[in-house]
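Every heavy atom of this structure was used, including side-chain atoms; hydrogens, water molecules and symmetry mates were not.
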Amino acid sequence: MELHITPQLMQTSAASQALEDYLARLPLSPEQRRELAARAGAIGSGDPVADLHRVLAQASGRDAGDTGPAGDASAAQASIDARLALLYPAAAESTDVSGAPGANAPAVGEDRGQPHIAVAPPLNRKSMVPRPWGELNPFARWVEEENRRLERRPSRWRRKKAKAVEPEHPAEPHYVEDHLDKSDAPDPKGHWQRTGNLRRITLLVLMVLQTSMATYFMSDVLPYHGTKPLEMLVLGLFALLFLWVSAGFWTAMTGFLVLMRGDDEYLISHEKAGNKDIAPDARTAIVMPICNEDVARVFAGLRATYESLERTGQLEHFDFFILSDSGEADICAAETAAWAALCRETGGFGRIFYRHRRRRVKRKSGNLDDFCRRWGADYRYMVVLDADSVMTGECLTKLTRLMEEHPGAGIIQTAPRAAGRDTLYARIQQFSTRVYGPLFTAGLHYWQLGESHFWGHNAIIRLKPFMKHCALAPLPGRGNLSGPIMSHDFVEASLMRRAGWSVWIAYDLDGSYEEMPPNLLDELSRDRRWCQGNLMNFKLFLARGMHVVHRAVFVTGVMAYVSAPLWALFLLLSTVLLAAHTLIDPQYFTSPRQLFPIWPEWHPEKALALVSATATILFLPKILAVLLFAVKGARGFGGALALFVSMVIELLFSMALAPVRMLFHTRFVLGAFLGWNAGWKSPPRADNETGWGEAMRRHGWHSLLGVVWGAAVYWLNPSFIWWLIPIAGSLAVSVPVSVLSSRVTFGRGFRRAGLFKIPEETTPPFELLETVRHFNETPALPGFVEAVVDPSFNALVCATAHAHPAVPQLTQHLREKLVRTALKDGPDALNDKQKNSLLEEPGLLSQLHQAVWSGAPEVHADWRAALGQLPPQALAA
């Protein structure tokens with residue numbers, strides 16, 4: 001007897017296989033699978049998977065026929081409850097909206113008639129309104145104020161009339177002086193103010209004296225002693241650049257003296273907070289703004305921080321918030337999976353929250369403002385973490401206690417220590433910041449005291465004054481340096497101090513960590529954004545009410561990048577000066593009736609002495625930092641000898657990179673003024689290596705410039721080539737230096753040799769070890785495709801999104817069209833915006849999920865392939 005396989009039989013067989021595959025991907029026992037298959041088969045609608053959804057919906061008390069908008073009912077949406085109950089057996093028993101601390105299952109509630117997991121606490125909205133900057137020009141501001149006074153001043157006739165008829169209640173003037181509100185600040189001036197003023201005056205005097213002496217000796221080096229216009233310009237640039245170098249020198253020297261003494265009476269943590277119990281109402285939100293980051297690394301560091309805080313026994317005073325601005329659909333889906341896994345593995349449901357902004361404005365500062373408006377009123381303090389930050393529980397609790405002990409403190413900034421990278425470039429930078437950084441941070445604190453820096457992360461903020469005073473209005477004007485503020489941290493610190501609240505650096509606190517960029521090009525990509533942000537911030541230099549120290553912070557932020565084109569111009573003019581004295585005959589008589597000639601004088605010995613003195617100013621702080629650790633203990637750095645050798649190599653390496661950074665920063669400054677878009681892309685959070693092709697594209701013209709520049713100077717005067725080799729030679733070899741320094745093998749090789757070691761490598765903190773362990777143990781995270789096809793993950797994503805069933809007819813038509821396009825053309829036909837639209841709407845996502853599993857002929861081959869590649873019980877495992 002011959003068996004004829006009809007199309008109906010093939011379709012029935014395929015549908016039965018789809019049902020078996022679907023059940024295999026749910027966390028069920030064999031008996032449960034058989035029972036559900038039998039119940040779904042009893043319905044017999046022709047679509048066994050849809051029948052299974054109906055069975056699951058009935059088990060959770062939902063009616064599949066009433067789900068979704070009219071005419072677009074989705075049985076898969078009705079089964080979300082049941083699939084979540086299989087994924088989180090304890091979730092069905094939890095009804096508390098905020099969850100229970102220590103619970104390993106989320107609270108599943110209702111949102112507009114649909115199942116919803118509370119990924120965030122209930123809203124407690126408060127206003128956070130940015131105040132306009134007003135007129136930034138002080139002269140124009142003075143004119144406006146004088147005009148207002150004239151408008152308020154009565155005329156002579158009005159004064160006579162006022163004397164004749166005295167009103168019972170004098171009318172109030174129509175204009176009220178806009179005084180800055182400091183009524184909520186407990187100590188607007190600060191007990192440190194007198195000492196701080198004396199220290200800053202001392203710093204200014206030291207800088208001016210040192211720069212004056214150096215400029216005088218520089219004039220002796222020049223042939224005409226600075227009397228020619230070109231030499232005057234060279235002297236002016238030299239003085240400005242030397243003043244900038246002098247500021248860093250005296251900051252480091254002061255930090256060295258403070259660290260050698262071992263104490264500073266004005267240190268914010270000088271009065272020990274001890275182990276006092278944190279007040280129940282002193283609740284702290286630990287927030288981590290992220291945007292298209294390495295999800296596994298972000299959540300590994302956050303888990304290490306959470307577990308460290310849990311070990312202190314003070315977890316009840318803290319909540320964690322992941323604030324996502326991610327726009328890539330795969331990353332958004334992975335963040336949801338990572339959040340659920342983190343909460344399940346730590347018992348953090350109800351304490352670890354996740355928020356994804358649909359309307360992303362003002363970048364990181366807008367993300368933080370959005371949190372403050374929604375939940376800021378629930379907390380007294382906020383600790384801001386970066387995507388690569390790790391903090392110990394002891395450090396976090398200490399920060400909270402310090403804020404309690406210092407009611408006038410608005411911000412306390414820690415000094416994060418860099419660790420965790422393996423590339424040679426990153427390890428050199430880690431060594432540099434670990435050895436030299438303490439000198440500069442201690443020196444900054446010595447000069448700034450309660451008007452210190454805020455770096456935007458690894459810091460604690462008092463939320464009430466932050467919400468009242470630190471909302472950022474766009475910068476007035478037009479062009480590339482106006483609009484939304486990019487580098488928000490310096491501005492927020494200045495606004496906090498303007499309102500009377502102090503800003504401190506607790507540089508002595510341990511337990512605050514971050515990561516460095518893995519290579520030179522990645523660091524420069526970050527610097528481009530910082531450059532434009534600092535140039536924009538300088539517009540606030542003369543803003544009303546800013547403290548003089550924070551005005552100086554705006555200047556230093558600008559000089560960090562503007563010094564590069566100034567240095568480039570100085571070198572260019574020096575080369576032009578050399579060419580002029582080589583190719584043009586000297587003029588001995590420069591004015592009429594001149595009796596005696598002016599002889600150009602060259603003093604190589606004075607030039608050598610000036611270069612030696614400048615090198616001493618640049619390198620002495622580094623030498624003193626090494627001596628400091630050699631005296632206090634260099635074991636964490638591999639010993640005194642290894643510390644010294646590492647310093648010498650780091651000096652040579654920094655000298656080789658300085659001209660390259662000069663050219664890049666010059667380009668960044670010019671680009672900011674010319675309107676080139678700086679872009680905004682999250683930096684790599686892994687050991688990213690630079691390829692030869694990329695290095696040639698980015699550094700090729702540097703090498704060419706170095707060779708041509710060196711050849712030109714050699715042709716003009718061979719004796720001057722020795723002065724230019726550190727610059728032209730560094731540019732010539734920029735390609736191999738950039739590539740080789742990005743290699744992980746070289747970084748690990750130097751570590752095996754005992755070089756560039758830091759204490760965080762010699763004796764790694766437990767939290768950093770846990771971060772690495774969690775990262776290595778993180779399985780491959782699901783993306784957009786898995787959110788569509790995986791039964792458990794689809795239910796999770798649908799439940800964490802907010803349903804919007806009541807939409808206009810046109811919107812509903814566009815939604816249906818999007819689902820049909822995704823089904824027929826496959827996931828690759830959709831852009832990230834379309835994919836996110838599906839992820840953010842439970843009805844659409846569940847509808848597409850059901851259609852993909854239906855086995856209909858119009859289902860794209862990519863969906864079929866995804867179904868075959870999906871491992872059984874992927875999310876549950």
Side-chain angles (χ1 to χ4, degrees), residues 25-29 60 79-109 115-121 286 288 290 293-311 315-316 318-324 331-356 393 767 770-771 773-783 786-787 790-801 839 842 870-877:
R25 285 160 178 81
L26 288 173
L28 298 167
S29 65
S60 59
S79 70
I80 291 175
D81 276 358
R83 285 182 280 155
L84 285 175
L86 293 174
L87 183 61
Y88 300 107
E93 304 173 3
S94 177
T95 57
D96 185 13
V97 174
S98 63
N104 59 359
V108 181
H116 179 67
I117 292 177
V119 296
I286 300 175
M288 178 181 281
I290 58 176
E293 302 284 354
D294 183 344
V295 179
R297 169 59 185 85
V298 166
F299 282 82
L302 195 65
R303 179 175 177 178
T305 301
Y306 181 91
E307 292 174 340
S308 177
L309 186 58
E310 188 176 29
R311 288 190 292 271
L315 184 60
E316 60 182 3
F318 297 83
D319 285 336
F320 286 72
F321 288 81
I322 301 105
L323 308 176
S324 173
I331 292 180
C332 293
E335 289 172 356
T336 302
W339 168 79
L342 173 64
C343 293
R344 183 176 62 247
E345 293 166 3
T346 61
F349 284 109
R351 195 169 299 284
I352 303 176
F353 302 108
Y354 172 74
R355 154 76 174 161
H356 181 254
E767 287 75 12
E770 287 292 281
T771 299
R773 183 176 70 85
H774 294 322
F775 176 75
N776 292 333
E777 293 177 356
T778 301
L781 293 170
E786 289 78 11
D790 181 81
S792 298
F793 188 41
N794 175 266
L796 176 66
V797 175
C798 288
T800 54
L839 292 176
L870 190 67
Q873 303 180 34
L875 190 65

*asked:* Go through it in stages, so that I can follow the logic: the residues are N794 and R83, the test is side chain to side chain contact (heavy atoms under 4.5 Å, CB included), and I'd like the CA-CA distance, side-chain angles, deciding distance and then a yes or no.
replied: CA-CA 9 Å; N794 175 266; R83 285 182 280 155; 3.0 Å; yes
*asked:* Assess the residue pair L87 and L26 against the criterion (side chain to side chain contact (heavy atoms under 4.5 Å, CB included)); give the C-alpha distance rounded to whole Å, side-chain angles, the decisive distance to 0.1 Å, and a yes or no.
replied: CA-CA 8 Å; L87 183 61; L26 288 173; over 6 Å; no
*asked:* For I322 and F353: C-alpha separation, side-chain torsions, deciding distance, then whether side chain to side chain contact (heavy atoms under 4.5 Å, CB included) applies.
replied: CA-CA 6 Å; I322 301 105; F353 302 108; over 6 Å; no
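By the 4.0 Å N-to-carboxylate-O rule, R311 lies close enough to E767 to be salt-bridged with it.
Counting all heavy atoms, side chain and backbone alike, T800 lies closest to H116 at O-CE1, 3.7 Å. Closest heavy-atom contact between P842 and C798: CG-O, 3.4 Å. Between V295 and A338, the closest heavy-atom pair is CG1-CB, 3.7 Å. Among all heavy-atom pairs drawn from E335 and Y354, the shortest one is OE1-OH, 2.7 Å. Heavy atoms only, all atoms of each residue included: L839 and A801 are closest at O-CB, 3.7 Å. Here the shortest heavy-atom pairing between A304 and T771 reads CB-OG1, 3.3 Å.
The distance from the CZ atom of F318 to the CD atom of E316 is 10.0 Å, given to the nearest 0.5 Å. Distance check, rounded to the nearest 0.5 Å: CG of L309 to CD1 of I286 gives 5.5 Å. Rounding to the nearest 0.5 angstrom, the gap separating the CG atom in L342 from the OG1 atom in T778 is 10.0 Å. With rounding to the nearest 0.5 angstrom, the OG1 atom of T305 is 11.0 Å from the CD atom of E770. With values rounded to the nearest 0.5 angstrom, S792 atom OG is found 11.0 Å from R25 atom CZ. Rounding to the nearest 0.5 angstrom, the gap separating the OG atom in S324 from the CZ atom in R355 is 10.0 Å.
Taking 4.5 Å as the limit, some side-chain heavy atom of M288 sits within range of a side-chain heavy atom of V298.
In summary, the aromatic rings of F349 and Y88 are positioned with their centroids under 6.0 Å apart. Between F320 and Y306, the ring centre distance stays below 6.0 Å.
At least one donor-acceptor pair closer than 3.5 Å links the side chain of W339 to the backbone N or O of I352. No donor-acceptor pair under 3.5 Å is formed between the side chain of E777 and the backbone N or O of H774.
Under the rule for a side-chain contact (heavy atoms from CB on, under 4.5 Å), the partners of E345 that lie at least two apart in sequence or sit in another chain are R303, A341.
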